[in-house]
Amino acid sequence: MTTLPEKTAKKLGLLIDLDICVGCQACATSCKEWNTGGYSAPLSDIDPYGRDPNGAWLNRIHSYEISSNGSSRTVHFPRSCLHCETPACVTVCPTGASYKREEDGIVLVDPDKCIGCKLCSWACAYGAREYDYAEGVMKKCTLCVDRIYNPHLKQEDRIPACVRACPTGARHFGDFADPESIVSRISAEREGYALLPEMGFKPVNRYLPPRPRRDATTEADGGLKLADLPAKGDGSALDRLFAWADKMLTR
Amino acid sequence: MHPAYSVIFFTTASGAGLGLIVWLGLANLLGLLPAMPSFGYFTVLVALGLLSIGLLSSTFHLGRPERAWRAFSQWRSSWLSREGLAASATYLPTLAFAIGWDRLGDNSGYVALAGAVAALLALVTLYTTGMIYASLPTIRAWNQPLTAPAYIVLGLASGAVLMALMLAVFDYVPTWAVWLAITSLAAGWVIKRLYWRKIDSDKPRHTVGQATGLGGLGQVRPLDPPHTMPNFVMREMGFEVGRKHACKLRHFAVVLAFVVPAVLVVLMLAGGSVINIILAVLAVMSAAAGLVMERWLFFAEAEHVSMLYYGREAA
């Protein structure tokens, strides 16, 4: 059914810390590995080693440069399905293949019902759905629904593959409906934000903003700037030695 | 947005067929049609033929066309599902109209009612097609109040040109048919101009700073893309057409879709029976070419908000 549940018991989602993500792509690789054998299997690649490789991935890691006042920094930005509370990708689906689970809020595609019309990918603002050209159906993040409830896995593995793989701990998984959950607490503490909230899809996933830069080279006020370095020496013996060496070497 | 030829062909062909059904039902209600059941058969055959070819071609767009029947199930929430249902439902009264006219030898009473119901369902189908696009806030150029009305008006305009051809084939070119074609073509021209003016003057709604939520920290610029070659999202949503090209194509589309057919239909007032058929065929061909261009532009000029993550600054 593509009509949305009025309320979901849980709001499972990801909390992604943009402050410590190093853009290593481990989450994307791990996601691809798990899901090409799991619920979304196969996650097809076309011409993977050729001139125009192309494949369905459920998690993509962008890197952006943020510049202000003449200085800039790199922010790595993982992008996957945000498991919106009111996902348009579900309501536009003509077949009922796309649905939002009442028990935990996970947005899924039933690969046996999808006709591959691609309308859901048009409806998603976040580019989170990728069409599998080989299978002819739409693929998307399942929040590793086949891991998180899987009794055959060890307790520590019952989290999404991307969260398990992240070497810096930049990804957290939990229930945003529970204000006492770790994701809710960290999100509240660090002002976690939703993407494009003005579009009204109410994403569940949250992003933690990069912290202000703390190193002296880029601090806005009172920080160390190249221009502030002493241009003239202080007249000490060592300084005169360096000045002499500089003179000799530039000859 | 990537202009898929199957979808362009589907919306233009079925749009014309549906427009023809609307005019057929209405003209019959007003008693304006030639009193020949064969006219009913012929026109319905052409209209449903176009609708069927369109629907068939739309399934080429699907990854799993054999499951297309599933698309009838989600009419509660999905405009695409509603379109499928409305288009299919249009067949029944349309066929009933043609067959009833022939068997009963009369095109009034229940037969006229069937024609009217067919006209209404055809209008509803045109509206649902437009709403598939108009209901997507992710695509600014489509999420416009004029999108759905434009689908209806363009369907009616191409249907009116087809109606002139149907009548010419039966050697009957009344002035009402000429006026109908001219006014609906003029309406098509006006609504497209207004639509283009609106999407040109509308400001982008979102920026890359908003999409990433990082705009407050400074200017956001893509540094490293997540993949080396375009993925599905870029192929489907990242299609761009040059501003100059779009401008030229708009002019061609207007001339071919509206101006040329209108002139040819006016000439039909003076022509003889064979000349009229030739004029009408040319008008239909010109309108078809123009509307295919218009539909191509409808896709090519539409920007998707997800492209903000891939380097577009505003959408």
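Proteins get letters first, then strands, A, B, ... in listed order; numbering begins at 1 in each.
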Need one label for A:A123: side chain, backbone, both or neither, based on atoms under 4.5 Å from any heavy atom in chain B. both
Non-hydrogen atoms of chain B under 4.5 Å away: do they reach the side chain of A:F77, the backbone, both or neither? side chain
Where is the tightest heavy-atom contact between A:G96 and B:Q74, given as atom of each residue plus distance? N-CG, 3.1 Å
Minimal heavy-atom distance between A:L195 and B:A211, with the atoms involved, is CD2-O, 3.5 Å
A:I61, part contacting chain B, at a heavy-atom distance under 4.5 Å: backbone
With chain A, which of B:V220, B:L214, B:L217, B:T212 has the greatest number of heavy-atom pairs at distances under 4.5 Å? B:T212
Tell me, do A:M199 and B:R205 make a side-chain contact under 4.5 Å, heavy atoms counted? no
When you compare the side chain of B:P225 with that of A:H62, does any pair of heavy atoms fall below 4.5 Å? no
Pick one of side chain, backbone, both or neither for A:V92, based on which atoms fall under 4.5 Å of a heavy atom in chain B. both
Looking at every non-hydrogen atom in both residues, tell me the closest pair between A:I115 and B:L62 and how far apart they are. O-CB, 3.4 Å
Between B:E236 and chain A, which part of the residue has a heavy atom less than 4.5 Å away: side chain, backbone, both or neither? side chain
For A:G127 and B:V233, the nearest pair of non-hydrogen atoms, with its separation, is O-CG2, 3.4 Å
Which one of B:P65, B:S77, B:S81 has the most heavy-atom pairs closer than 4.5 Å to chain A? B:S77
In terms of heavy-atom contacts, does CD of A:E103 have more than 12 from other residues, nucleotides or ligands at under 6.0 Å? yes
A:R60, part contacting chain B, at a heavy-atom distance under 4.5 Å: both
Contacting moiety of B:F60, where chain A heavy atoms sit under 4.5 Å: neither
Heavy-atom side-chain proximity of B:R67 to A:V137 below 4.5 angstrom: yes
Relative to chain B, which segment of A:E198 carries a heavy atom at a distance below 4.5 Å: side chain, backbone, both, or neither? side chain
Side chain / backbone / both / neither for B:H304 at chain A, heavy atoms under 4.5 Å: side chain
If you measure from CH2 on A:W122 to OG on B:S306, what distance do you get to the nearest 0.5 Å? 12.5 Å
Please verify the inter-ring angle class for A:Y131 with B:F232; under 30° counts as parallel, over 60° as perpendicular, anything in between as tilted. tilted
After noting the C-alpha distance and the side-chain angles of A:D52 and B:R235, does the key distance pass the salt bridge (charged side-chain N to carboxylate O under 4.0 Å, His left out) rule? CA-CA 12 Å; A:D52 190 12; B:R235 285 167 209 252; 3.3 Å; yes
In terms of heavy-atom pairs under 4.5 Å, which option from A:S68, A:S67, A:A128 contacts chain B the most? A:S67
Contact part of B:M1 toward chain A, heavy-atom cut-off under 4.5 Å: side chain, backbone, both or neither? side chain
For a quick test of reading the model, state the closest non-hydrogen atom pair linking A:T95 to B:S73 and the distance between them. O-OG, 3.3 Å
Counting only heavy atoms closer than 4.5 Å, note whether A:C93 contacts chain B via side chain, backbone, both or neither. backbone
So B:Y309 and A:Y126, would you call those rings parallel, tilted or perpendicular, with 30° and 60° as cut-offs? tilted
Heavy-atom proximity to chain A below 4.5 Å, by part of B:A68: backbone
With chain A as the partner, which of B:P230, B:S58, B:G213 has the greatest number of non-hydrogen pairs under 4.5 Å? B:G213
Taking CD in B:Q219 as the centre, count heavy atoms belonging to other residues, nucleotides or ligands within less than 6.0 Å. Is the count above 12? no
Tell me, for A:P53 versus chain B, whether the close heavy atoms (under 4.5 Å) come from the side chain, the backbone, both or neither. both
I'd like to know which of A:M138, A:E65, A:R51 tops the heavy-atom pair count under 4.5 Å against chain B. A:E65
Passes side-chain contact (heavy atoms from CB on, under 4.5 Å), B:W79 versus A:T91? Steps please. CA-CA 9 Å; B:W79 282 106; A:T91 51; over 6 Å; no
If I compare all heavy atoms of B:H61 with all of A:C117, which pair ends up nearest, and what's the gap? NE2-O, 3.2 Å
What part of B:W142 lies closer than 4.5 angstrom to a heavy atom of chain A: side chain, backbone, both or neither? side chain
Between B:N231, B:L136, B:L308, who has the most heavy-atom pairs with chain A when the cutoff is under 4.5 Å? B:N231
Has B:R197 got more than 12 heavy atoms of other residues, nucleotides or ligands less than 6.0 Å from its CZ? no
If you define the side chain from C-beta out and look only at heavy atoms, does anything of A:Y64 sit under 4.5 Å from B:L223? no
